[in-house]
Amino acid sequence: MYRTHNCGNLRLNNSDQNVILCGWVQGVRNLGGMTFVDLRDRYGITQLAFNLETDADLCQKARKLGREDVVRIEGVVNERSSKNADLLTGDIEIVVKTLEILNKAALPPFLIEEETDGGDELRMKYRYLDLRRPNIQQNLIFRHKVAQSVRRFLDKKDFLEIETPFLIKSTPEGARDFVVPSRMHPGQFYALPQSPQTFKQLLMVSGFDRYFQIVRCFRDEDLRADRQPEFTQIDCELSFVNQEDVLQIFEEMLKSVFKDVLSIELPSVERMDYKDALKYYGNDKPDTRFGMKIHELNELVKNKGFKIFDEAELVAGICVEGASSFSRKQIDALTEFIKRPQIGASGLVYAKIDETIKSSVDKFYSKEDLTEWKKEFNAKTGDLILVVAGDKNTTRRALSELRLKLGNELGLRKPNDFKALWVLNFPLLEWDEEAQRYYACHHPFTAPKEEHIELLEKSPEKVYANAYDLVLNGNEIAGGSIRIHNRDLQAKIFEVLGLSEEEANEKFGFLMKAFEYGAPPHGGIAFGFDRLVALMNGFENIRDMIAFPKNNAGRDVMLDSPSNIDQEQWEELKLKPKKD
């Protein structure tokens, strides 16, 4: 055998066994008469022992080993005299009899250790080395375990894993597509799928009533910590279901995966209306692990002579428990935080609840007025009330960001504390003032609430969608809806979205045609797999949960991609190269 064991599974009960190990040299320690080498593979680290007295040549050979050299050794398992409690193999070492150097390694550009000296860009350039680090390997092992847990659950629920195409037709609704030129059809293009949405609906028409796929998807959009141009979804669709059926199955799946992988009993998933999420948390993916809800104050604060409040569309605030001791410097920092361009608030008003109430607007509000504020927030001595005023969207956004910032600073957002939430009753459509048209909030195949269908003609903005989002710790991890399965209703939605009959037929005619052949009622959901595994593993950033991620500019710095293609490829594709 090339190796009999790996570097993580030998224990004291293997003592006196002859073994063969292979791996990478983590480090060499020359202690005079003895030389010790730490040998690493993805399973762990095992100490190798070389004795200068018993085999001087072998010991000298070991001393010349460099970091990351690939070696194969044969030796005998021996109990260590100086044990290492930090290693699973820390009770034993291998007394080496033969050492074979399989490959010499150049000096790595950074330390291959959990605490490395490599920066992000350097580690991404040498990602194959970064992937040797035990913590990064554990992330990918964790990802694998979650994927297998999902597959086991869905298999037991009679879901079939079915692959769908990657080269598809471009659909302009939604995010921007990545497009692929066709050599055999010059001037025509495929698109990479943003999701397998239409294919999974066609599978429902085909009679495969429970489908899933852990699938790669592609969106050409701006990047951030939790977004990559290519990402993975747990994509699911079911026939003959209503919204309640979908919520129950996938709440059960989430609980099952947490139990299976983390041994955590996830509490029941609460439910919240979209409107309430905005009103009380300022966004549609609230972190409900802590309180600090938003209170709307218009009735309490207007018409008191304070112009900023009087002219604001919305005045609202949060109460921060035990924060009346915040200094003016701390409050000024919070004010600057919400005045940043990406938030756009004009300022921050505060009221400290101590033996007396001291506010930054004492000139306009009496003690009686401020006492009413205290009652509204149910504030206690030692608390701090923070108030923002402005248009509704900016005010809610500012308080949402402020709430999350304070939650982080006060230790209220614990990575190992998990709370999930269903957000329901989204609007079906949103009006774009610039384009002067409606866009689908979810996607154009989402069914409206049955009782709202009659509003599509005259009041589309009042129509609710039969849609649902699953939120975990303030992050959206899944979204889905009951789909339209009636051809006439789908045509009506396309009309409301401003698509002519010709446009709708050109882009989605295949789906409309399929609906004529007996489409069942169906619905589904897609989980952001990268985000789910990151959150379960205690991370906000998804990059270290992906084997080969792109950087913040969407580039693969290891492959130097995207890159130019040669002149021959341009000519084959019948495309004109970009002029210098």
Inset, instruction - Would you check if Asn466 and Ser481 make a side-chain contact, meaning some heavy-atom pair closer than 4.5 Å? - result: no
Legend entry - Pi-cation contact, Tyr280 with Lys293 (under 6.0 Å, within 45°): yes
Legend entry - Arg543 bridged to Asp530 by N-O distance under 4.0 Å: no
Legend entry - Any side-chain heavy-atom pair of Phe250 and Leu154 under 4.5 Å: yes
Legend entry - Side-chain touch Leu238/Asp245, heavy atoms, less than 4.5 angstrom: no
Inset, instruction - Start with the C-alpha gap between Arg127 and Asp556, add the side-chain angles, then the distance that decides, and say whether salt bridge (charged side-chain N to carboxylate O under 4.0 Å, His left out) holds. - result: CA-CA 10 Å; Arg127 183 62 170 175; Asp556 185 327; over 6 Å; no
Inset, instruction - May I ask you to test the Phe199-Ile168 pair for a side-chain heavy-atom distance under 4.5 Å? - result: yes
Legend entry - Side-chain heavy-atom pair Phe515, Gln201 within 4.5 angstrom cut-off: yes
Legend entry - Carboxylate-amine/guanidinium contact Glu270 Lys419, below 4.0 Å: yes
Inset, instruction - Please work out whether the ring planes of His295 and Phe377 are parallel, tilted or perpendicular, with thresholds of 30° and 60°. - result: tilted
Legend entry - Side-chain heavy-atom pair Glu401, Ile338 within 4.5 angstrom cut-off: no
Legend entry - Stacked cation flag Arg531 on Phe529, 6.0 angstrom / 45 deg: no
Inset, instruction - Determine, stepwise, if the pair Arg397 / Asp284 fulfils salt bridge (charged side-chain N to carboxylate O under 4.0 Å, His left out). - result: CA-CA 11 Å; Arg397 182 168 62 249; Asp284 59 2; over 6 Å; no
Inset, instruction - Answer yes or no: is there a side-chain heavy-atom contact under 4.5 Å between Ser500 and Glu495? - result: no
Legend entry - is_close_aromatic(Tyr190, Phe166), centroid dist under 6.0 Å: no
Legend entry - Separation of Leu167 CG from Phe189 CZ (nearest 0.5 Å): 13.5 Å
Legend entry - Ring geometry between Phe426 and Tyr274 (parallel below 30°, tilted from 30 to 60°, perpendicular above 60°): tilted
Inset, instruction - Kindly assign one of parallel, tilted or perpendicular to the pair Phe212 and Phe159, based on the angle between their ring planes and the thresholds 30° and 60°. - result: perpendicular
Legend entry - Carboxylate-amine/guanidinium contact Glu476 Lys285, below 4.0 Å: no
Inset, instruction - State whether Asp287 and Arg289 are salt-bridged, where the test is any N-O pair (Lys NZ or Arg NE/NH1/NH2 against Asp/Glu carboxylate O) under 4.0 Å. - result: yes
Legend entry - Test: Glu252 and Lys255 ion pair at under 4.0 Å: no
Legend entry - Lys/Arg-Asp/Glu bridge criterion (N-O < 4.0 Å) met for Glu121, Lys125: no
Legend entry - Euclidean distance, Leu424 CG relative to Lys275 NZ, rounded to 0.5 Å: 14.0 Å
Inset, instruction - Taking the side chain as every heavy atom from C-beta outward, state whether Ile542 and Gln228 have any pair of such atoms under 4.5 Å apart. - result: yes
